[in-house]
Amino acid sequence: MSPEELQSAGAFAEATAREAGVVLMQHHRSVPQGEVRLKGVRDPVTDADLASERLIVSRLRERYPETAIFAEEETRETAAGLTWYVDPLDGTVNFSQSHPFFAVSIALYHDARPLVGVVHAPALDETFTAEAGGGTRFNGAPAAVSDKRALIDAVLATGFAYGRQDYDDDNVARFADMVLRVRGLRRAGSAALDLAYTAVGRLDGYWEPHLNSFDVAAGALLVREAGGVVTDLDGGDTWLDGRSILAAGPGLHAVMQATLAAAAVGIRRKGQA
Ligand code: IPD
Ligand code: CA
Ligand code: CA
């Protein structure tokens, strides 16, 4: 992709995320509670998730008919080369409670290489954008990860998968260990926004197991382009499809990884007992 094509894809993804945000806010104001259905014991989907995804998919299809789209609810295409990753509403539990911490997440990848990432939080009027090599922007202004180096100074975030009752690794032991070491630890309910907040230094780091590519694809590029480090929980590079992610500023990533890995040894032993 040429620099012009990259910029044009970034602008189009942002415009599409904003349009989807308008759709979400229309549903948000019109009694979301009645629309909530469950995909699992606590995994909600609303009409807003579907309306947002249909809008995004139709816009991307029209402009980029050759590009695969891997979205959460209805459109799961895989192909070599270019792919759009779409979470039409990240933070559905928050949305269904009228809690404003939710977002639209759209990313463009070439295989495992991030090209474009947009996270747009319509109820907060906050938009985070990045194109590969161009830095991260928060509501249009350049943004950077925090430079913290010590856990005791850090405010981190994490999350817990909907199916946690079925996992040996429910992330509770990591949480219990880390909460005693840091200034603050948040579970705010949107992986895409947790990553975006890490990119702009509102959070100093974030980790979560059991995620999907559409949860993290955009946010991971935001963190990287803001000078941060993104790996999986083992320090490897499988964060897009490997289901776990660890993102932080360069001063904190290594200590977070070592601390979480030590806590995870306990988790696995507990799971095997
Ligand atoms: C969820 C959110 C949440 C995370 C879950 C995700 P959804 O996505 O990102 O913060 O902890 O693992 O599944 O269902 O609201 O799109
Ligand atoms: Ca999600
Ligand atoms: Ca979602």
Side-chain angles (χ1 to χ4, degrees), residues 16-17 20-21 23-24 27-28 32 35-57 69-76 84-107 117-124 128 156-167 169-172 174-175 178 185-199 202-203 205-220 222-223 230 232-233 239-247 260:
T16 304
V23 169
L24 292 183
H27 284 260
H28 198 235
E35 301 173 355
V36 178
R37 296 177 295 284
L38 290 175
K39 293 192 274 186
V41 286
R42 62 167 75 80
D43 187 355
V45 60
T46 69
D47 290 349
D49 294 73
L50 299 172
S52 173
E53 182 166 315
R54 285 171 192 167
L55 182 275
I56 295 166
V57 168
I69 303 174
F70 193 83
E72 179 168 11
E73 306 299 343
E74 293 179 325
T75 311
R76 295 282 178 97
W84 290 104
Y85 290 96
V86 176
D87 193 333
L89 169 47
D90 188 60
T92 302
V93 170
N94 286 342
F95 180 89
S96 68
Q97 298 284 123
S98 298
H99 185 308
F101 199 77
F102 59 85
V104 178
S105 176
I106 301 177
V118 176
V119 174
H120 172 59
L124 304 171
F128 307 83
L156 307 181
T158 189
F160 302 89
Y162 291 120
R164 51 193 175 264
Q165 71 285 348
D166 297 326
Y167 296 126
D169 179 359
D170 55 17
N171 202 32
V172 171
R174 283 192 199 87
F175 183 93
M178 193 60 99
L185 183 49
R186 305 285 180 257
R187 193 291 186 250
S190 163
L193 272 179
D194 288 333
L195 286 163
Y197 275 32
T198 301
R202 285 179 167 179
L203 292 167
Y206 162 73
W207 86 88
E208 185 166 340
H210 310 301
L211 288 168
N212 291 293
S213 53
F214 45 75
D215 295 310
V216 300
L222 295 175
V223 173
V230 179
D232 56 39
L233 277 168
W239 45 268
L240 184 62
D241 290 314
R243 304 192 65 93
S244 80
I245 196 159
L246 166 54
L260 293 167

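As the structure lists them, so they are numbered: ligands from 1, and atoms in each ligand from 1. Numbers for residues simply follow the sequence, beginning at 1.
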Would E72 count as a contact for the Ca ion (ligand 2), in the sense that one of its N, O or S atoms lies under 3.0 Å from it?
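No - counting backbone and side chain alike, E72 has no N, O or S atom under 3.0 Å.
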Below 4.0 Å, non-hydrogen atoms only: which portion of [X] touches ligand 1? Side chain, backbone, both or neither.
X    : value
F160 : backbone
A191 : both
E208 : side chain
N212 : neither
E73  : neither

Of all N/O/S atoms in D215, the name of the one nearest the Ca ion (ligand 2):
OD1
Any idea which N/O/S atom from D90 gets closest to the Ca ion (ligand 2)?
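Among the N, O or S atoms of D90, the one closest to the Ca ion (ligand 2) is OD1.
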Side chains of H27 and T46: closer than 4.5 Å at any heavy-atom pair?
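No, side chains not in contact.
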Apply salt bridge (charged side-chain N to carboxylate O under 4.0 Å, His left out) to D232 and R243, showing your working.
CA-CA 8 Å; D232 56 39; R243 304 192 65 93; over 6 Å; no
Does any N, O or S atom in D87 come within less than 3.0 Å of the Ca ion (ligand 3)?
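A backbone or side-chain N, O or S atom of D87 is under 3.0 Å from the Ca ion (ligand 3).
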Got an N, O or S from L89 under 3.0 Å of the Ca ion (ligand 3)?
yes
Could you please spell out the steps behind the salt bridge (charged side-chain N to carboxylate O under 4.0 Å, His left out) verdict for D169 and R174?
CA-CA 9 Å; D169 179 359; R174 283 192 199 87; 2.9 Å; yes
Numbered atoms of ligand 1 (with element) below 4.0 Å of L89, judged on heavy atoms
16 (O)
